[in-house]
Peer 1: 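Structure provided below as structure tokens; questions to follow.
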Amino acid sequence: MPIYLNIHTHQTSTEKDILSIINAQTASGWMDIAVGKFSVGLHPWYIKPENIDEDFVQLEELARQPNVLAIGECGLDRLIDLDMSFQEEVFIRQIRLAETLQKPVIIHCVKAFSELIMLKKKLKPSIPMIVHGFNNNAQICRQLVNHQFYLSLGSALLNSESNASKNILTIPIQQLFLETDDKNCFISTIFAHASTYLTEPVEVLQEQILQNFKRVVSADSSVV
């Protein structure tokens, strides 16, 4: 039975045949990660400069757990009241942690794509970098694809006029992921809409995205 890979979500699902990567950070702290597959990261919304070293120690400890498959979400956000240079510093530390652990990075990026691309060019990370919740214009889409980012699309696909819906054909299917993020929707619904735009059967899309996932998280297919 093909499965639906949800690369980034903030909640568990009641749907069957799903592999979800749950974001373990919340506004109030860390979720219990004893059971399931998770990503852990310091989201720019929740960074407190006075606690950063303590938070990073805890992040490193969690990130080393075998069921933590990715670092993130983490990244850059120009719409929050936190110095961009400090955001970059924290983001770079997390990219370097991901390099050490050889785990992909799930990225939150708001109005800072030029900085994101510049950081990738400067650091030259070997680990995959996944921009989650992508819903930006065609120019940014092409730039990210050309710089070998993976793009994860979410509930914006439910709106046929969204940037995500218009740009999905621009994204090589080998660089595509799908997600629900924090939205109250089913990943199977996201797949159904993506299948329509791509004119590919859902089962083909399921298998391709699962193969993408195996490629970015591990050469060992036992992760799924």
Side-chain angles (χ1 to χ4, degrees), residues 1-47 54-75 91 93-95 97-108 127-134 150-155 157 176-192 194 202-203 205-224:
M1 173 71 69
I3 67 169
Y4 295 99
L5 187 283
N6 189 350
I7 194 69
H8 179 73
T9 181
H10 292 258
Q11 52 207 2
T12 57
S13 174
T14 57
E15 287 189 279
K16 295 180 179 179
D17 304 316
I18 289 179
L19 174 59
S20 294
I21 309 305
I22 302 171
N23 185 85
Q25 189 184 31
T26 70
S28 58
W30 299 99
M31 296 173 60
D32 181 354
I33 65 168
V35 178
K37 305 295 185 185
F38 294 89
S39 66
V40 296
L42 300 178
H43 193 297
W45 291 359
Y46 306 134
I47 293 171
E54 178 183 342
D55 289 345
F56 209 85
V57 168
Q58 190 173 16
L59 172 63
E60 282 197 77
E61 181 179 343
L62 291 169
R64 293 180 185 276
Q65 301 304 309
N67 64 327
V68 170
L69 302 184
I71 306 303
E73 63 186 283
C74 55
F91 185 33
R93 286 180 71 175
Q94 293 181 85
I95 294 172
L97 174 62
E99 279 284 328
T100 298
L101 301 178
Q102 285 297 288
K103 295 182 179 184
V105 178
I106 296 176
I107 299 167
H108 169 97
I127 42 86
M129 303 184 80
I130 304 163
V131 176
H132 102 84
F134 184 78
Y150 290 81
L151 301 184
S152 179
L153 310 183
S155 62
L157 290 177
L176 178 67
F177 285 108
L178 299 173
E179 63 176 70
T180 58
D181 193 16
D182 59 353
K183 302 302 187 293
N184 186 24
C185 61
F186 293 123
I187 190 64
S188 58
T189 304
I190 304 292
F191 268 80
V202 169
E203 295 80 7
L205 191 54
Q206 286 176 297
E207 179 58 30
Q208 178 63 61
I209 287 183
L210 186 61
Q211 291 305 317
N212 294 350
F213 180 66
K214 291 178 179 179
R215 186 168 62 250
V216 302
V217 297
S218 175
D220 181 0
S221 61
S222 66
V223 296
V224 297

Peer 1: Considering only heavy atoms from C-beta outward, does the side chain of Pro104 approach that of Val217 to under 4.5 Å?
Peer 2: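 Yes, close enough: below the 4.5 Å cut-off.
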
Peer 1: Look at the side chain of Asn67 and the backbone N and O of Gly36, then say whether any donor-acceptor pair between them is shorter than 3.5 Å.
Peer 2: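 Flag set: sc Asn67 to bb Gly36 pair under 3.5 Å.
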
Peer 1: Can you tell me how far the OG atom of Ser152 sits from the CD1 atom of Ile21, to the nearest 0.5 Å?
Peer 2: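 Rounded to the nearest 0.5 Å, the OG-CD1 separation comes out at 11.0 Å.
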
Peer 1: So, do Met129 and Tyr150 sit near enough that their side-chain heavy atoms are less than 4.5 Å apart?
Peer 2: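 Heavy-atom side-chain distance check fails, nothing below 4.5 Å.
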
Peer 1: Return yes if some donor-acceptor pair links the side-chain N/O of Lys103 with the main-chain N/O of Val68 below 3.5 Å, else return no.
Peer 2: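 Between the backbone of Val68 and the side chain of Lys103 there is a qualifying donor-acceptor contact (under 3.5 Å).
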
Peer 1: Verify the distance criterion only: is there a donor paired with an acceptor across the side chains of Gln25 and His10 at less than 3.5 Å?
Peer 2: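 Distance-only check fails for Gln25 and His10.
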
Peer 1: Supply the atom-to-atom distance Ile130 CD1 to Ile71 CD1, rounded to the nearest 0.5 angstrom.
Peer 2: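 If we round to the nearest 0.5 Å, Ile130:CD1 and Ile71:CD1 are 11.5 Å apart.
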
Peer 1: May I ask you to decide if the ring planes of Phe213 and Phe177 are parallel, tilted or perpendicular, using 30° and 60° as cut-offs?
Peer 2: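 Taking Phe177 first and then Phe213, their aromatic rings stand perpendicular (interplane angle over 60°).
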
Peer 1: Measuring from Leu205:CG to Leu178:CG, what's the distance to the nearest 0.5 Å?
Peer 2: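 It comes to 5.5 Å.
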
Peer 1: Going by heavy atoms in the side chains, are Glu179 and Leu153 under 4.5 Å from each other?
Peer 2: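 Glu179 vs Leu153: side chains apart.
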
Peer 1: Would you please name every residue forming a side-chain contact (heavy atoms from CB on, under 4.5 Å) with Thr9, sequence neighbours left out?
Peer 2: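 side-chain contact (heavy atoms from CB on, under 4.5 Å) check on Thr9 returns Asn6, Gln11, Ser20, Ile22, Thr180.
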
Peer 1: When you check the side-chain N and O atoms of Glu207 and Gln211, is any donor under 3.5 Å from an acceptor?
Peer 2: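 The answer is yes; a qualifying pair exists.
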
Peer 1: Should the pair His43 and Trp45 be assigned to parallel (<30°), tilted (30 to 60°) or perpendicular (>60°) ring geometry?
Peer 2: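 The arrangement is tilted - the two ring planes meet at 30° to 60°.
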
Peer 1: As an exercise, state the distance from CD of Gln206 to CG of Asp17, rounded to the nearest 0.5 Å.
Peer 2: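 The CD atom of Gln206 sits 8.0 Å away from the CG atom of Asp17.
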
Peer 1: What's the spacing between Leu62 CG and Phe38 CZ if we round to 0.5 Å?
Peer 2: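 Reported to 0.5 Å precision, the distance equals 10.5 Å.
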
Peer 1: Examine distances only and state if a side-chain atom of Asp181 and a backbone atom of His8 form a donor-acceptor pair shorter than 3.5 Å.
Peer 2: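 It does not hold such a pair.
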
Peer 1: Under 6.0 Å from the CD atom of Gln102, do we count more than 12 heavy atoms belonging to anything else shown?
Peer 2: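 More than 12 within 6.0 Å, yes.
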
Peer 1: Do Thr26 and Tyr46 make a side-chain contact, defined as non-hydrogen atoms from C-beta onward lying under 4.5 Å apart?
Peer 2: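 They are not in side-chain contact.
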
Peer 1: When rounded to the nearest 0.5 angstrom, what is the spacing between CD1 in Ile209 and CZ in Arg215?
Peer 2: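 Rounded to the nearest 0.5 Å, the CD1-CZ separation comes out at 11.0 Å.
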
Peer 1: For residues Ile107 and Phe91, determine if any side-chain heavy atom of one lies less than 4.5 Å from a side-chain heavy atom of the other.
Peer 2: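 Side chain of Ile107 against side chain of Phe91, heavy atoms only: contact under 4.5 Å found.
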
Peer 1: Taking the side chain as every heavy atom from C-beta outward, state whether Tyr4 and Ile190 have any atom pair closer than 4.5 Å.
Peer 2: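 No - every pair of side-chain heavy atoms lies 4.5 Å or more apart.
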
Peer 1: Does either side chain, that of Glu73 or that of Ser39, offer a donor lying less than 3.5 Å from an acceptor on the other one?
Peer 2: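 There is no such pair between these side chains.
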
Peer 1: Does a side-chain heavy-atom distance below 4.5 Å link Phe56 with Gln94?
Peer 2: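 They are in side-chain contact.
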
